[in-house]
Amino acid sequence: MQGIFMSKYIFIVGGVMSGVGKGTSSASIGKILQSKGFEVTAIKIDPYINVDAGTMNPIEHGEVFVTDDGDETDQDIGTYERFLGATISSVNYMTTGRVYQTVIERERNLEYGGKCVEVVPHVPDEVIRRIRLAAKRAKADITLIEVGGTVGEYQNILFLEAARMMKLAAPQDVLFVLVSYLPVPGNLGEMKTKPTQYASHTLNSAGIQADIIIARAERSIDEPRRKKLALFCGVDPKDIIAAPDIDSVYKVPLNFEKQHLADIIMKKFNMKSRRRKDMRDWKKIVRVAESALKTVRIGVIGKYFSTGDFTLSDVYLSVIEALKHAAWFHKTRSELLWLNSEAYEKDHALLKELDNLDGVVIPGGFGSRGVEGKIKAIQYARTRKIPYLGLCYGMQLAVVEFARHVCGMKEANTAEIKPDVITPVIHIMPDQQKNVATQKYGGTMRLGAYPCLLHPKSKSRVAYGARVISERHRHRYEVNNKYRPLFEKKGLLIAGTSPDKKLVEIIEIPDHPFFVGTQFHPEFKSRPLNPHPLFREFIAAAIRKR
Ligand code: GLN
């Protein structure tokens, strides 16, 4: 590859408003370029000051996606992993906070050689350093960089400045894609291009000219508007890609491919396709998803329900996707029901609604809200033999339920909720104690991938088809080993542990169609073409129940 940067870079920026699918567009561009035989990686830039996404409320920010190397990142990193089938590392994620932290540390270490350290160029320089490092680590032919937020806001201006500087240094190696929204106001019934024109002009005033525009809208952009947009934004009409609303994100790469977006990009970069991988597998998945006639009804029990469906699905994005992938594997569709655990605390009779489900999932969580309701629901699923999958908190609370109702420890609880409980069946991990005591909350949980040894007689062992697996964690509490002998005596199977057997990683109830709880988050590793084994078997059990 010629050029000073080794990799080619595509910056993806948003126009008009957020939430129009910049992450999906970026991942889809990656997917189609990958299908031409290129090594592709993707970077997410979040413009906020937070060093990572770990300290943010998921209601505001969406899911915290954990990488193998233990970074707490944005859900878009999860989308990249699912689309590219890749393992994305911490260098592919940056925030304003993270960038400044490095610059300030370097200044403290006298690494600027006595110079005045300035916002420009030192901050964009650090952004560029990180971008190039990520490209190098991934040995990428093409590196996608999704700039969070929309053009024209104050927050992302230094990242756009970094992009402009890269373009200036190597014009032939850098492209800009503007993902913009074209509203169709109800009273007019006509698609309006003006907001996107403004976005394009705002981008121009940051010294950047869009090469390609992804026209996100309710429907496909028509010819007259395509011409108009092309003229006013200085883009070739054929470089405007129609991106109408679509029922499945997995169809977006196919829509881009139909419009030859990969060819357009390759031409601009003067690159030739390495091999024809025609995305046949991907098409097959989309077809299965479309043609699946049967459904499994899965209840997801959580607490983040107050702010409407939109936020809700963002909070549990990877869980939703993992359930979809697993259902498609069985040529089935997953119908998800969002159940608020707090309701079960007020009215036990409501638990009967679980009888209409084929399976129950309790995903990860923190704090006391809705916990007693979750425990009630777990008891119901256990005793009524409803397939149950507990993820992290969902596993810990299953242990509390088992202790209370099978082992007769009425007071049993997790120390997270009741620090002075006499029977802390879930307690804080020793090395976490000082973090909490000194309020060191940022990035200090047990994070990222750890190996786990599976019990030879467990369902998990069969599901994975392996003895040792690796899964991603994000927690401070763990099963209290003091109670392990009692749990085992009463019929709980410790199905997975850390290799030194000191940490419980998976529990199972053998005498149940499917009752599995994991201390880790398997949802992060599910891919459309490679569903996660535990989700796959959970859905299989749900189908049997149906
Ligand atoms: N709150 C629990 C802990 O910190 C579970 C965390 C989670 O579900 N991710 O251990």
Side-chain angles (χ1 to χ4, degrees), residues 52-59 61-68 70-73 75 78 300-304 314-320 322 341 360-375 377-378 388-401 403 412-419 421 424-437 439-450 452 471-481 483 496-498 502-507 516-526 532 534-535:
D52 57 42
T55 53
M56 273 183 282
N57 184 341
I59 291 181
H61 178 259
E63 173 183 83
V64 177
F65 187 84
V66 181
T67 58
D68 252 1
D71 202 4
E72 296 173 281
T73 71
Q75 62 190 31
V300 182
I301 304 180
K303 69 169 176 181
Y304 297 119
D314 267 12
V315 172
Y316 300 117
L317 190 65
S318 293
V319 176
I320 299 170
S341 61
V360 169
V361 175
I362 298 194
F366 295 84
S368 61
R369 219 178 88 204
V371 154
E372 287 303 319
K374 287 182 191 174
I375 293 171
I378 295 168
Y388 175 74
L389 182 59
L391 311 171
C392 204
Y393 216 17
M395 174 268 209
Q396 296 175 353
L397 297 176
V399 170
V400 173
E401 192 280 319
N413 214 328
T414 158
E416 178 171 356
I417 294 175
K418 229 177 158 217
V421 61
V425 290
I426 303 294
H427 66 168
I428 192 152
M429 292 190 277
D431 55 345
Q432 286 294 332
Q433 236 144 5
K434 64 174 185 311
N435 290 332
V436 172
Q439 290 185 303
K440 285 209 165 44
Y441 293 121
T444 59
M445 280 188 246
R446 180 175 181 232
L447 287 169
Y450 285 90
C452 166
E471 292 283 3
R472 298 181 192 171
H473 295 249
R474 182 173 186 251
H475 61 112
R476 291 191 203 280
Y477 294 81
E478 62 165 337
V479 175
N480 189 340
N481 286 336
Y483 301 99
T497 61
S498 53
K502 285 193 181 138
L503 298 170
V504 173
E505 304 284 36
I506 309 178
I507 56 137
V516 177
T518 61
Q519 182 57 81
F520 48 80
H521 290 273
E523 67 272 23
F524 293 143
K525 288 182 70 167
S526 180
H532 191 283
L534 293 181
F535 278 89

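Order of appearance sets the numbers: ligands from 1, and atoms from 1 within every ligand.
- Contacts of His521 with ligand 1, taken as heavy-atom pairs under 4.0 Å, involve the side chain alone.
- Near Gly364, with a cut-off below 4.0 Å to any heavy atom, the atoms of ligand 1 are 8 (O).
- If you check which protein heavy atom lies closest to atom 1 (N) of ligand 1, you get Glu416 OE1, 2.6 Å.
- Proximity of Glu478 to ligand 1, defined as any heavy-atom pair under 4.0 Å, is not found for any part of the residue.
- When only interatomic distances are considered, the shortest N/O to N/O separation between Tyr477 and ligand 1 falls below 3.5 Å.
- Under 3.5 Å, the side chains of Glu63 and Ser318 contain a donor-acceptor pair of N or O atoms.
- Cys392 SG, 3.0 Å is the protein heavy atom nearest to atom 7 (C) of ligand 1.
- Test Gln432, Glu416, Gln519 against His475 for side-chain hydrogen bond (donor to acceptor under 3.5 Å, both in side chains) and you get one pass: Gln519.
- Salt bridge absent: Arg446 and Glu471 never bring a charged side-chain N and a carboxylate O closer than 4.0 Å.
- With a heavy-atom cut-off of 4.0 Å, His475 touches ligand 1 through backbone and side chain alike.
- In this model, no donor atom of one side chain and acceptor atom of the other lie less than 3.5 Å apart for Arg369 and Ser341.
- In terms of protein heavy atoms, atom 4 (O) of ligand 1 is closest to Arg476 N, 3.0 Å.
- In terms of polar-atom proximity, defined here as any N/O pair under 3.5 Å, Gly365 does make such a contact with ligand 1.
- Here Phe524 and Phe65 bring their ring centres to under 6.0 angstrom of each other.
- Of the listed residues (Val504, Leu391, Ile507), just one forms a side-chain contact (heavy atoms from CB on, under 4.5 Å) with Thr518, and that residue is Leu391.
- Classified by interplanar angle (parallel below 30°, tilted 30° to 60°, perpendicular above 60°), the ring pair His532/Phe535 is perpendicular.
- For ligand 1, the atoms lying closer than 4.0 Å to a non-hydrogen atom of Arg474 are 6 (C), 7 (C), 9 (N).
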